[in-house]
Q: 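Can you read through this structure? Questions will come right after.
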Amino acid sequence: MSLSIDTQIEAMARLWPAFKLVRREGAAALWQGAVRPLLQTYRVGVFYRAPLMVERYSVRIVQPRVEILAPALRPRRGDAEGMLPHVYYGPDGEVTLCMLDPDSSEWSPADLLAETTVPWITDWLAAYEGWRATGEWTGTGRHVERA
């Protein structure tokens, strides 16, 4: 069973009032807000479309999409490949965070984004800040390419 977008919107407003609903279209919503994991404050966008009850879905496809709006994520100095760890690169150059293993049952559309996704954003950004400083990714999980 998946939670409705209305339920997701209500929980986000209750638990993360700094995350503002900036767009709602049918079963889809976009929130923007700020988080400060360790050293820096980041402006974040979270997009989610709740699957319909009759829809067959894969977590790989319906998982929330999280983008860092500002400041831009940057590779480490001297990194010849210029790649960021634990992200998905979109066809138009957009970068979204890889925060969950879709094969591990860590998350499903029956979970509240406010209780899973937003805390995971903070954890991901803390690992990112550490990686920028040391070159070691300390975040948990396994990076899985998006379908």
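Keep in mind that what you see is a predicted model, and the values were worked out from it rather than measured.
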Q: How long is the gap from CG on L125 to CZ on R36, to the nearest 0.5 Å?
A: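 The distance works out to 12.0 Å.
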Q: Assess whether side chain to side chain contact (heavy atoms under 4.5 Å, CB included) is satisfied between D123 and M99, documenting all intermediate values.
A: CA-CA 9 Å; D123 291 347; M99 298 183 301; over 6 Å; no
Q: Assess whether salt bridge (Lys or Arg N to Asp or Glu O under 4.0 Å) is satisfied between R65 and E67, documenting all intermediate values.
A: CA-CA 7 Å; R65 307 274 197 258; E67 290 185 73; over 6 Å; no
Q: Less than 4.5 Å apart, any side-chain heavy atom of V46 and any of I121?
A: yes
Q: Please say which of I9, V22, V118 ends up in a side chain to side chain contact (heavy atoms under 4.5 Å, CB included) with W31.
A: I9
Q: Closest heavy-atom contact between W120 and E106?
A: CH2-O, 3.7 Å
Q: Transitively linked via ILVMFWY side-chain contacts under 4.5 Å: L30 with F19?
A: no
Q: Out of curiosity, W124 CH2 to L73 CG, how far, rounded to the nearest 0.5 Å?
A: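 W124 CH2 to L73 CG: 4.5 Å, rounded to 0.5 Å.
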Q: What do the steps show when you test R24 against I5 for side chain to side chain contact (heavy atoms under 4.5 Å, CB included), and what is the final call?
A: CA-CA 9 Å; R24 159 87 190 266; I5 199 66; 3.2 Å; yes
Q: Within the 4.5 Å heavy-atom criterion, are T117 and D111 side-chain neighbours or not?
A: no
Q: Would the W137 and H86 ring centres measure less than 6.0 Å apart?
A: yes
Q: Should L38 and Y128 be regarded as members of a common hydrophobic cluster, given that ILVMFWY residues are connected when their side-chain heavy atoms come within less than 4.5 Å of each other, either directly or indirectly?
A: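 They do not share one cluster, since no chain of ILVMFWY contacts under 4.5 Å joins L38 to Y128.
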Q: Compare every heavy atom of P37 with every heavy atom of A126, then report the nearest pair and how far apart it is.
A: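 Heavy atoms of A126 and P37 come nearest at N-CB, 3.7 Å.
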Q: Are W131 and V44 co-members of a hydrophobic cluster defined by side-chain heavy atoms under 4.5 Å apart?
A: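 Yes, one cluster joins them.
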Q: Rounded to the nearest 0.5 Å, what separates atom CG in L21 from atom CD in Q8?
A: 12.0 Å
Q: In Å and rounded to the nearest 0.5 Å, what is the CZ to CD distance from R49 to Q63?
A: 13.0 Å
Q: Find out if a path of hydrophobic residues (ILVMFWY) with successive side-chain heavy-atom gaps under 4.5 Å connects L69 to V66.
A: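 Per the 4.5 Å side-chain linkage, L69 and V66 are not co-clustered.
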Q: Would you check, one step at a time, whether the test side chain to side chain contact (heavy atoms under 4.5 Å, CB included) holds for W107 with L113?
A: CA-CA 9 Å; W107 179 86; L113 302 178; 4.0 Å; yes
Q: How long is the span from the CG atom in L84 to the OH atom in Y89, to the nearest 0.5 Å?
A: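 L84 atom CG to Y89 atom OH measures 3.5 Å (nearest 0.5 Å).
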Q: Mind listing the closest non-hydrogen atom pair of E94 and P91 along with its distance?
A: OE2-CD, 3.4 Å
Q: Which is it for F47 and T96 under the side chain to side chain contact (heavy atoms under 4.5 Å, CB included) test, yes or no, and what are the steps along the way?
A: CA-CA 10 Å; F47 174 80; T96 57; over 6 Å; no
Q: For R76 and T134, which heavy atoms make the closest approach, and how far apart are they?
A: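 Answer, listing the atom of R76 first, then T134: NH2-C, 3.8 Å.
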Q: How far apart are the closest heavy atoms of A50 and S4, and which atoms are they?
A: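 Reported closest heavy-atom pair: CB-C, 4.4 Å.
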Q: Could you work out, with side-chain hydrogen bond (donor to acceptor under 3.5 Å, both in side chains) as the rule, every residue matching Y42, not counting sequence neighbours?
A: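 Here the qualifying residues are E129.
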Q: Which heavy-atom pair separates A110 from L3 by the least distance, and what is that distance?
A: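 Closest approach of A110 to L3: O-CD1, 3.3 Å.
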Q: A side-chain contact here means heavy atoms from C-beta on lying under 4.5 Å apart; do I68 and V95 qualify?
A: no
Q: Kindly write out the residues that satisfy salt bridge (charged side-chain N to carboxylate O under 4.0 Å, His left out) with E136, not counting sequence neighbours, or none if the list is empty.
A: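 Expected list: none.
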